Amino acid sequence: MSLSSLHPSTSAVDSRFSCAHPLLQFHIFNLNQNPSPRIRPPPCSCKLSSLQSPVLSKSGEFANNNHKIQYLCKQGNIKLAFQAFSNEPNPTIRTYETLILACSAQNAAVYGRIIHRYIVQDGLDGDCFLSTRLIDMYSRFDALEDARRVFDASREKDVYLWNAFLRALAIAGKGEEALEIYGRMGQSVGIEFDSFSYSYALKACVVPLSQSSTLSFERVRKIHGYIIRHGYQSLIYVATTLVDVYAKLSHVGYARMVFDGMLEKNVVTWSAMIGCYAKNEMEFEALRVFGEMMTASSIDRNIIPNSVTIISILQACSGLSAMEIGKVIHAYVLRRRLDSVISVSNTLLSMYAKSGNLDMSRRIFDQLGDRRDVISWTAMVSGLGMHGHASGAIDCFHQMLRAGVFPSPITFLSVLGACSHAGLIKEGKEIFELMTNGYHIIPGPEHYASMVDLLGRAGRLDEAANIISAMRIEPGPTVWGSLLGACRIHRNVELAERACVRLFKLEPTNAGNYMLLSNIYFDAGMWEKVAETKSLLAAHALQKMAGCSFIEVRRRVYSFVSVDEANPHIEQLNALLLQIMVEMKREMPSYTPQTNVVMYDVEEEVKERILLGHSEKLAVAFGLINTNAGDVIRITKNLRLCEDCHSVTKFVSKLANREILVRDVNRFHRFRDGVCSCGDYW
DNA sequence: TTTTAGCCGT
């Protein structure tokens, strides 16, 4: 086959997503125009800086012991402060406050409880002001029950006290309790909600993830109504909270509406909006808003992107595997020395891994050295796993343990995932054992799902089913879904039906489950059942999630959907794919297009065409045309790679002598010379 | 005398 048609074309211009590109260009330009300001140290989280300076007498001695205590607290010397305190017969409220704040700031829970006891002893536990401070302190210590005791003990309850407890509950994830307190607060005589109460109440609506999100949404809208009626929506803190809360409930339109209505916006507001898009799979919008923010930042110093903004925008890059754009952001990070912020470095590490550049992840990881935290390690383990380096992931995990870093449930999920991708059953079982018995981490639904996936995929369906029946928690959709996926691979109709009985009940609107079952029936030649399942799908008016693939070429991201009629390049791409198909059928007579994944009732020939129009194939074709001969073609897909695309991509890698790197929902596939790194096990 | 917002790893 002549590969002349595969040569890079200079006329590859696509303006469908031009939003990202020009703005990023502007962004770069903007950077050069505005040399980065010095970074300020992060604001001190303790409140000691706001305290009055202790008064010294002329001789340089403290005017009294209370001043000495305050001075020592300000120095951060809690121990000496407490010594001085024990010699103080008449501590003032201010002294108590100082000590509480110092304990809060330094997470000194033991001293914090001591000071609380003294307050009770002195009969000051009914004091509203001190109680407010104590609640804040216990909230920081994550000691909610102590906070509650303080709240209950306080005779008088002013709005500060109510707010402090409301906040403590909200940030501890006790949404329901927080809203109950909010309700009681509203009924208390003489207590009026202020802007703080509304902000905390809004936060409380988000936290309980287990709750129905429609209920949360209704609650937020109601509180939003009160906020408008009281004129609080113009307050930047309140409005920013609204943006964030709507974002977390995935009501992007509402978040945007509040955002657009704000007269004053600062870096937090912008970051919340960008984070909203990044987390709700609207990465292009995130990039666009980031560009707007860069523009705005050139006239307003209050909106220069900071570490939080960067983290969100890097997540958007990760979602698109937009490594080239990510590199531009990386350059910005280095210019502003934001790599000193560990969470930024961790996000960079993760972005590179998800964009297919594991070497770069490794470099960042190595450079972190002693600064590595559990998240850095987990991101590295996960990156190795995603790329199919299971033993590397396990090594990294053990290295982490040797370094004395305590693994989190997510760390275990990452290692288990690595084992699963490579079919390392024995190792996976050992890790699961280590998690439960060695580290006493109670496995969550995802851990079980991972084990079911590991065993099921390897064909040990009975063992997988046993895991489910031995579970200590109610098996959820993730677990049954893993089992169903395994049944698809190993063509087990009976077990698949059992899984589907649960799955259809647990998530009746997930089209993917019906598709899987239908495919399982298809493989078994059970045509009636196939039709039955398809009609179920139709009866629920369900649409399967549209397949979508991305490719980044020269800092621009192009997206493709299946049978992308509207794509300006579609004819060129189709022509190339047809050519490839002819070639493939000639060289590999055993190949037959796996048209059974096509759910429409159409002729075989049409099915083949639909199959050839899969977004991933279009992206591959686009990559062949628009990148240079030696370049790696990097593609990201929103679903699992279908078998046919897998076969075709293998073939293309050999035919065109190209390395093709495809990230699907689960992992990476590196196609080279007709072979895939997953070893056809995925 | 007092308190608020955005953020890393599946």
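Throughout, protein chains are lettered first and strands after them, A, B, ... in sequence-line order, and every chain is numbered starting at 1. Since we're looking at a predicted model, the values are computed, not measured.
Side-chain N or O atoms of A:Ser450 include none that pairs as donor or acceptor with a backbone N or O of A:His447 at under 3.5 Å. With A:Asp453 contributing its side chain and A:Ala449 its backbone, the two residues share no donor-acceptor pair below 3.5 Å.
Among the nucleotides B:dC7, B:dA5, B:dT3, the one closest to any side-chain atom of A:Val308 is B:dC7. Counting only heavy atoms from C-beta on, A:Glu446 has its side chain closest to B:dT10 among B:dT10, B:dT4, B:dC8. Closest contact between the side chain of A:Phe129 and the listed nucleotides B:dT2, B:dG6, B:dC8 involves B:dT2. Comparing B:dG9, B:dT3, B:dC8 against the side chain of A:Arg133 picks out B:dT3 as the nearest. Distances were taken from every side-chain heavy atom of A:Ile93 (C-beta onward) to each of B:dC7, B:dT1, B:dG6; the shortest belongs to B:dT1. For A:Asp158, the listed nucleotide lying nearest its side chain is B:dT2; candidates were B:dC8, B:dG6, B:dT2. Comparing B:dG9, B:dT10, B:dG6 against the side chain of A:Leu413 picks out B:dT10 as the nearest.
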Practice item. Take A:Leu358 and A:Tyr352 through the test side chain to side chain contact (heavy atoms under 4.5 Å, CB included) and record every step on the way to the result. Key: CA-CA 6 Å; A:Leu358 198 59; A:Tyr352 281 113; over 6 Å; no

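Summarising the geometry, the separation between CH2 on A:Trp270 and C1' on B:dG6 is reported as 14 Å, rounded to the nearest angstrom. At whole-Å resolution of the value, OH in A:Tyr138 and C1' in B:dT2 are 18 Å apart. Rounded to an integer number of Å, the gap from A:Met451 CE to B:dT10 C1' is 16 Å. Between the CZ atom of A:Phe365 and the C1' atom of B:dG9 there is a distance of 12 Å, rounded to whole Å. Between the P atom of B:dT3 and the CG atom of A:Leu235 lies a distance of 16 Å, rounded to the nearest Å. Rounded to a whole Å, the CG atom of A:Leu161 is 11 Å from the C1' atom of B:dT2. In this structure, A:Tyr160 places its OH atom 6 Å from P of B:dT2, rounding to the nearest Å. Atom-to-atom, OH of A:Tyr232 to P of B:dT4 comes out at 17 Å; the value is rounded to the nearest Å.
Among the heavy atoms of the strands lying under 4.0 Å from A:Thr411 is at least one base atom, whether or not backbone atoms are also near. Among the heavy atoms of the strands lying under 4.0 Å from A:Asp244 are primed sugar atoms or P, OP1, OP2 only; no base atom is included. Counting any heavy atom pair closer than 4.0 Å across all strands shown, A:Lys354 reaches sugar-phosphate atoms only and no base atom. Residue-level contact check: A:Val267 touches the bases, meaning some heavy atom is under 4.0 Å from a base atom. At a threshold of 4.0 angstrom between heavy atoms, the contacts of A:Val374 include nucleobase atoms, whether or not backbone atoms are also involved. Residue-level contact check: A:Ser414 touches the backbone only, with heavy atoms under 4.0 Å from sugar-phosphate atoms and none from bases.
Dashed line: the shortest gap from a side-chain N or O of A:Lys265 to OP1 or OP2 of B:dA5 is not under 4.0 Å. OP1 or OP2 of B:dC7 has not a single side-chain nitrogen or oxygen of A:Gln315 nearer than 4.0 Å. Here A:Ser382 reaches the OP1 or OP2 of B:dT10: one of its side-chain N or O atoms lies under 4.0 Å away. Residue A:Lys203 places at least one side-chain N or O under 4.0 Å from the OP1 or OP2 atom of B:dG6. The side chain of A:Arg167 contributes an N or O atom lying less than 4.0 Å from OP1 or OP2 of B:dT4.
A donor-acceptor contact under 3.5 Å links the side chain of A:Ser408 to the base of B:dG9. You won't find any donor-acceptor pair under 3.5 Å spanning the side chain of A:Asn266 and the base of B:dG6, going by distance alone.
Taken from CE in A:Met351 to CD1 in A:Ile325, the straight-line distance is 10.5 Å, to the nearest 0.5 Å.
The minimum heavy-atom distance between A:Ala353 and A:Ser361, with the atom names listed, is N-OG, 2.9 Å.
Remark: A:Arg372 is positioned above the aromatic ring of A:Phe365, its terminal NZ or CZ atom under 6.0 angstrom from the ring centre and at most 45 degrees off the axis.
Judged as a side chain to side chain donor-acceptor pair (under 3.5 Å), and not counting sequence neighbours, the contacts of A:Lys354 are A:Ser350.
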